[in-house]
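In this chain, residues are counted from 1 in sequence order.
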Amino acid sequence: QVQLVESGGGLVQPGGSLRLSCAASGSIFSIGAMGWYRQAPGKQRELVVVLANGGSRREADSVKGRFTISRDNAKNTVFLQMNSLKPEDTAIYYCNAQGVRTISTTDRRDYWGQGTQVTVSS
């Protein structure tokens with residue numbers, strides 16, 4: 001059983017910063033990519049940024065230059081540093097782990113965290 005646990009969400013004023021963390025736990029052998037998606041009220045879940053093992057990343061144009069992703073592969077943890085936050089960044093942020101292989105199988109699966117609320121408001 002693999003679990004993703006996020007932390008670091010909250011309320012921040014426009015222009016402020018937040019740092020999200022997500023730790024994957026369980027009998028993990030390897031993880032292909034880790035990253036973040038978000039879902040605002042009334043909208044579909046969308047990509048924020050994902051970082052693969054090899055260092056390649058995919059990110060939304062709306063967050064380029066403001067959000068930075070990093071990983072600690074030894075601890076199966078991913079971080080999202082969010083700067084210059086805007087009201088339109090308000091959403092539930094979900095951690096995502098792709099291509100997760102556990103020690104008991106060669107199968108690979110994707111996992112999601114429970115989500116953490118980020119609210120940008122004055």
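- A donor-acceptor contact closer than 3.5 angstrom links the side chains of R38 and Y93.
- One finds the OG atom of S122 at 9.5 Å from the CG atom of L11 (value rounded to the nearest 0.5 Å).
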Between V78 and I69, is the side chain to side chain contact (heavy atoms under 4.5 Å, CB included) condition met? List the steps.
CA-CA 7 Å; V78 64; I69 189 171; 3.7 Å; yes
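- Closest approach of S17 and N83 over heavy atoms only: OG-OD1, 2.9 Å.
- Heavy atoms of other residues, nucleotides or ligands lying less than 6.0 angstrom from CD of Q39 number more than 12.
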For the pair D89 and M82, evaluate side chain to side chain contact (heavy atoms under 4.5 Å, CB included) and give the outcome as yes or no after the intermediate values.
CA-CA 10 Å; D89 294 318; M82 304 185 292; over 6 Å; no
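- Contact of the L20 side chain with the T116 side chain is registered, since non-hydrogen atoms from C-beta on lie closer than 4.5 Å.
- The SG atom of C22 sits 9.0 Å away from the CG atom of N96 when rounded to the nearest 0.5 Å.
- Under the 4.5 Å side-chain heavy-atom criterion for Ile, Leu, Val, Met, Phe, Trp and Tyr, Y37 and V100 are members of distinct hydrophobic clusters.
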Run T77 and D72 through side chain to side chain donor-acceptor pair (under 3.5 Å) and show every step you take.
CA-CA 5 Å; T77 301; D72 183 339; 5.9 Å; no
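- Under a hydrophobic-cluster definition in which Ile, Leu, Val, Met, Phe, Trp and Tyr are linked whenever side-chain heavy atoms come within less than 4.5 Å, directly or via other members, L18 and V63 are assigned to the same cluster.
- Note: Q3 CD to Q114 CD = 9.0 Å, rounded to the nearest 0.5 Å.
- The side-chain heavy atoms of C95 and W36, taken from C-beta on, include a pair separated by under 4.5 Å.
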Would T102 and V2 count as a side chain to side chain contact (heavy atoms under 4.5 Å, CB included) if you check the C-alpha gap in whole Å, the side-chain angles of each, and the deciding distance to 0.1 Å?
CA-CA 8 Å; T102 62; V2 175; 3.7 Å; yes
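- Y111 and L80 fall within the same hydrophobic cluster, where Ile, Leu, Val, Met, Phe, Trp and Tyr residues are linked whenever their side-chain heavy atoms come under 4.5 Å apart, directly or through other members.
- The shortest distance between side-chain heavy atoms of S25 and N76 does not fall below 4.5 Å.
- Figure legend: R101 and F29 shown as a cation-pi pair, the cationic atom lying under 6.0 angstrom from the six-membered ring centre and within 45 degrees of its axis.
- Judged by distance alone, the side chain of T90 and the main-chain N or O of P87 form a donor-acceptor pair under 3.5 Å.
- Other residues, nucleotides and ligands place more than 12 heavy atoms under 6.0 Å from the CD atom of E88.
- Note on L51 and F79: separate hydrophobic clusters, where clusters join Ile, Leu, Val, Met, Phe, Trp and Tyr whose side-chain heavy atoms are under 4.5 Å apart, directly or indirectly.
- The closest donor-acceptor contact from the side chain of Q98 to the backbone of M34 lies at 3.5 Å or more, if one exists at all.
- Under the 3.5 Å distance criterion, the side-chain polar atoms of E59 are left unmatched by any main-chain donor or acceptor of V48.
- Side-chain contact check for Q1 versus S27: every heavy-atom pair is 4.5 Å or farther apart.
- Checked by atom type and distance alone, the side chain of N53 pairs as donor or acceptor with a backbone atom of I31 at under 3.5 Å.
- Residue pairs that meet the disulfide (SG to SG under 2.5 Å) test with at least one member in residues 59-88, sequence neighbours left out, do not exist here.
- Both L47 and Y94 belong to a common hydrophobic cluster when Ile, Leu, Val, Met, Phe, Trp and Tyr are linked at side-chain heavy-atom distances under 4.5 angstrom.
- R58 places no side-chain N or O within 3.5 Å of a backbone atom of V50 that could act as its donor or acceptor partner.
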